[in-house]
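Have a look at the structure below before the remarks.
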Amino acid sequence: MSAPPSLGPVARLREHNERVLRLRQDIREVTLRQRLMYGFGAGVVLCVLGVAVPTALTWRRFNMAPINTVLVLLAVVSVVGFIASSSMETIRRAGSRPDTFGERLTRQELELDLEIAIENRLIDATPLDIPIRNRQFA
């Protein structure tokens, strides 16, 4: 999505910068959500193993009920966290009408949009009559 040509060159660059910053923030959010999902998933696996392995090793010799109760509760919390974070793993693009949502964007799609936005910013910065060092920074 390119900036409208009716805007001045500085305003177009500002819009490109805002889009790049917004996309970078979206990528950070998606990365955090993915890490939460993986963390909760690992928590589920560890809790299940924490219940199964010691119980099997100490069967009929030691009462594991108090420990297993805590681990089962932690596993339930981890399952709920995994389900919640997996449903929020992606970012939704704005829909065609205001206050509506469009399709979900994965991290790869967001990174592609970021590369396109950076390229558009470079294309709009090229014809400007600004020093080369500033243009490279832009």
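- Across all non-hydrogen atoms, the minimal contact from S78 to V44 is CB-CG2, 3.4 Å.
- Of all heavy-atom pairs between N63 and P66, the closest is O-CD, 3.8 Å.
- Of the candidates V51, T58, L57, L71, M64 forms a side-chain contact (heavy atoms from CB on, under 4.5 Å) with just one, namely T58.
- Under a hydrophobic-cluster definition in which Ile, Leu, Val, Met, Phe, Trp and Tyr are linked whenever side-chain heavy atoms come within less than 4.5 Å, directly or via other members, F40 and V45 are assigned to different clusters.
- Between the side chains of Q25 and R28, at least one donor N or O sits under 3.5 Å from an acceptor N or O.
- By the 4.5 Å heavy-atom criterion applied to side chains, D124 and E119 are not counted as neighbours.
- Side-chain contact between E29 and R33 is present, with heavy atoms from C-beta onward closer than 4.5 Å.
- By the 4.5 Å heavy-atom criterion applied to side chains, L110 and L114 are not counted as neighbours.
- Comment: E15 does not engage R19 in a salt bridge, judged by the lack of any side-chain N to carboxylate O separation of less than 4.0 angstrom.
- No continuous path of hydrophobic side-chain contacts links V53 to V48 [ILVMFWY only; heavy atoms under 4.5 Å].
- When hydrophobic clusters are built by joining Ile, Leu, Val, Met, Phe, Trp and Tyr residues whose side-chain heavy atoms come closer than 4.5 Å, directly or via intermediates, F62 is grouped together with V72.
- Note: the hydrophobic cluster containing L122 also contains L23 (ILVMFWY, side chain heavy atoms under 4.5 Å, direct or indirect links).
- Between the OG atom of S86 and the OH atom of Y38 there is a distance of 11.0 Å, given to the nearest 0.5 Å.
- E109 places a side-chain N or O within donor-acceptor distance of the main-chain N or O of T106, the cut-off being under 3.5 Å.
- Paired with E111 under the rule side-chain contact (heavy atoms from CB on, under 4.5 Å), one option of D26, I116, I27, V30 passes, and it is I27.
- Of the inter-residue distances, the one linking H16 atom NE2 with L21 atom CG reads 13.0 Å to the nearest 0.5 angstrom.
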